[in-house]
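Nothing here was measured: the structure is a model prediction, and the numbers come from that model.
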Amino acid sequence: MPHRHRRAWSALGLGALLFAACGQESPTDVGGSLLPGQAIRTIEVILEPAAFLARDTSFSGYSDPALATFLVLANAYQGSLDAHALTRFDIPTTITLPDSTGTQRADTLPVFFAGRLVFQLDTLRSAVDGPIRARAFRIEEPWDPASTTWTQRIDTAGVRLPWANAGATGGREIGAGMVEEGADTLVIPVDSATLAAWADTSSSARGAVVLLESAGGRVRASDFVLRADARSSIRADTVVTLTLRPLRNRFIFNPRLPAASRAALVGGNPAWRTYIEFRESLDTLSVACPAIAPGCRVRLRDASVTFASLLLVPAVAPAGFLPEDSLQITARTLISSPNVPLARSLLGDVFGLSRRFVRPSAFTAPAGGPPLELPVTEIVRALARDTTGAGELLPTRWMALMPFVESIDFGIAAFEARPRLRLILTIGSELQLR
């Protein structure tokens, strides 16, 4: 029998098997449908990591706490994290005020006699259980606000100098204040001697370190200023209060996590990203479709990927780094190159966004909650077809998982490594099932 006849009989036999399995009438019967009722079927498939995943890994270092728009204070938070806020101000040598005639005049000899460090606290992102005492100390060693760490006061390519005491402690105390549960402000008084020391702009040692005295808490400040009171030398009865913003805010913390992890870590500051690589030839992957017929299998290239999502199972966050707020996760394509380290690969377009926020409580215990579903339909559909049309996503086997907005939180979201893949497939009965 010619080959074309054998193929025809094979197709007819397959069609008969499908119709028999589904118990449908023939379209030629009286009252029959124009198409078999089960000619198109939709099935759900959950793939284990080994079936589709080639590699997953996490890297850190995508943001710098020196550039953060917030400060973190912590003392043995979750039994692990210590964080101190460092700051430096320039005290002006001249103030402007009206004289007795109302004309604005420059006073070049003002006397700064008192001040206050004022922190605006983010109550939603702070963990305060009862009153916490905060203390401020002078920094009395030269330090670099752009590079300092918990152990190094200067940490640049050419110079590395350690703190005499880790965490920038050991200087003279400036003052103290209380953080009450639910309070939105922390105020610490500053004396005139400290203001005079800070007025010496030639000193690279000037500055303050602020820390929590009580253990177990974590405080986040969204804004931080120095309110300095100066007595005028041209109007003895006049006091001027200046609101001064720091030259550079910085928080330093301990411990520092490794720069890479096998766990799926997302977010934080420095920020973490998780990179996922799909296996080669995903289009040839064969999946079971028992809802269509016993023993049925179909290749992804022969089905239509209606929907695809990664199932991210929350895991315990690193101790001390519990996320401060609920977050959404995004998926972005990754532009990988053999000449560029994976951790430094360029990011492509956003093509997936988790349908719900995941709360911090999900990261406090093993199997802390239901999986977070992250749609990745575009990339899976492209890889399953191994071809694209005009304007469609180019096939890439790499993707990056990130927060919807990166670097706005200090805490880190953790998920179990090697997630599963959920597929919704549409299959036509006329396809060659294998």
Side-chain angles (χ1 to χ4, degrees), residues 49 52-68 70 72 80-81 83 146-147 149-152 155-157 250-280 310-324 327-354 358 360 362-363 372 374 376 379 396-421:
F52 72 93
L53 190 63
R55 178 183 176 188
D56 65 332
T57 189
S58 299
F59 296 105
S60 180
Y62 296 102
S63 57
D64 188 344
L67 304 177
F70 57 88
V72 174
S80 176
L81 178 70
S147 66
T149 65
W150 186 263
T151 57
Q152 304 293 319
D155 191 6
T156 62
R250 177 73 186 241
F251 65 90
I252 56 177
F253 58 92
N254 184 61
R256 297 279 295 201
L257 299 179
S261 173
R262 294 298 301 274
L265 302 180
V266 175
N269 194 329
W272 284 85
R273 298 172 185 171
T274 293
Y275 294 139
I276 288 179
E277 181 186 16
F278 288 90
R279 52 162 276 188
E280 293 184 13
L310 289 175
L311 301 179
L312 304 173
V313 178
V316 178
F321 294 87
L322 183 69
E324 299 107 302
L327 73 162
Q328 279 183 297
I329 305 298
T330 63
R332 299 185 65 164
T333 55
L334 199 67
I335 305 172
S336 59
S337 168
N339 300 320
V340 177
L342 176 61
R344 297 302 167 197
S345 297
L346 295 176
L347 294 172
D349 296 331
V350 174
F351 65 89
L353 175 66
S354 62
V358 57
F363 305 105
L372 182 69
L374 177 61
V376 292
I379 192 170
T396 174
R397 294 193 295 117
W398 282 102
M399 59 184 287
L401 307 187
M402 304 166 53
F404 180 66
V405 181
E406 194 171 58
S407 305
I408 64 171
D409 285 319
F410 178 67
I412 301 169
F415 299 93
E416 292 183 4
R418 301 183 64 78
R420 296 188 297 167
L421 181 66

Under 3.5 Å: donor-acceptor pair, side chain of R332, backbone of G348 | yes
Counting distance only, does the side-chain N/O of R250 pair as donor-acceptor with the main-chain N or O of A146 below 3.5 Å?
-> yes
Take F321 and F253, measure what side chain to side chain contact (heavy atoms under 4.5 Å, CB included) needs, and give me the verdict at the end.
-> CA-CA 11 Å; F321 294 87; F253 58 92; 4.1 Å; yes
Does the side chain of [X] reach to within under 4.5 Å of the side chain of [Y], using non-hydrogen atoms?
X    : Y    : answer
V266 : L312 : no
L342 : T57  : yes
P65  : V72  : no

Determine the minimum heavy-atom distance between [X] and [Y], stating which atoms define it.
X    : Y    : value
W272 : S60  : CE2-CB, 3.3 Å
S345 : I335 : CB-O, 3.7 Å
S58  : A263 : OG-O, 2.6 Å
F70  : N269 : CZ-ND2, 4.0 Å
R418 : P49  : O-CG, 3.0 Å
L346 : L334 : O-CD1, 3.6 Å

Any chance you could measure [X], atom [atom1], to [Y], atom [atom2], to the nearest 0.5 Å?
X    : Y    : atom1 : atom2 : result
L374 : T330 : CG    : OG1   : 7.5 Å
L265 : L257 : CG    : CG    : 8.0 Å
T274 : R262 : OG1   : CZ    : 12.0 Å

What residues form a side-chain hydrogen bond (donor to acceptor under 3.5 Å, both in side chains) with D155, not counting sequence neighbours?
-> R160
Which is it for L421 and L310 under the side chain to side chain contact (heavy atoms under 4.5 Å, CB included) test, yes or no, and what are the steps along the way?
-> CA-CA 5 Å; L421 181 66; L310 289 175; 4.0 Å; yes
So, is the end of the R55 side chain (NZ or CZ) under 6.0 Å from the ring centre of F278 and within 45° of the ring's axis?
-> no
Check the pair L353, V350 against side chain to side chain contact (heavy atoms under 4.5 Å, CB included), reporting the backbone distance first and the verdict last.
-> CA-CA 8 Å; L353 175 66; V350 174; 5.6 Å; no
Could you list the donor-acceptor pairs under 3.5 angstrom formed between side-chain atoms of residues 398-415 and any protein atom two or more places apart in sequence or on another chain?
unit_1, atom_1, unit_2, atom_2, d
E406, OE1, R273, NH2, 3.0
E406, OE2, R273, NE, 3.0
S407, OG, S63, OG, 3.2
D409, OD1, R125, NE, 3.0
D409, OD1, R220, NH1, 3.4

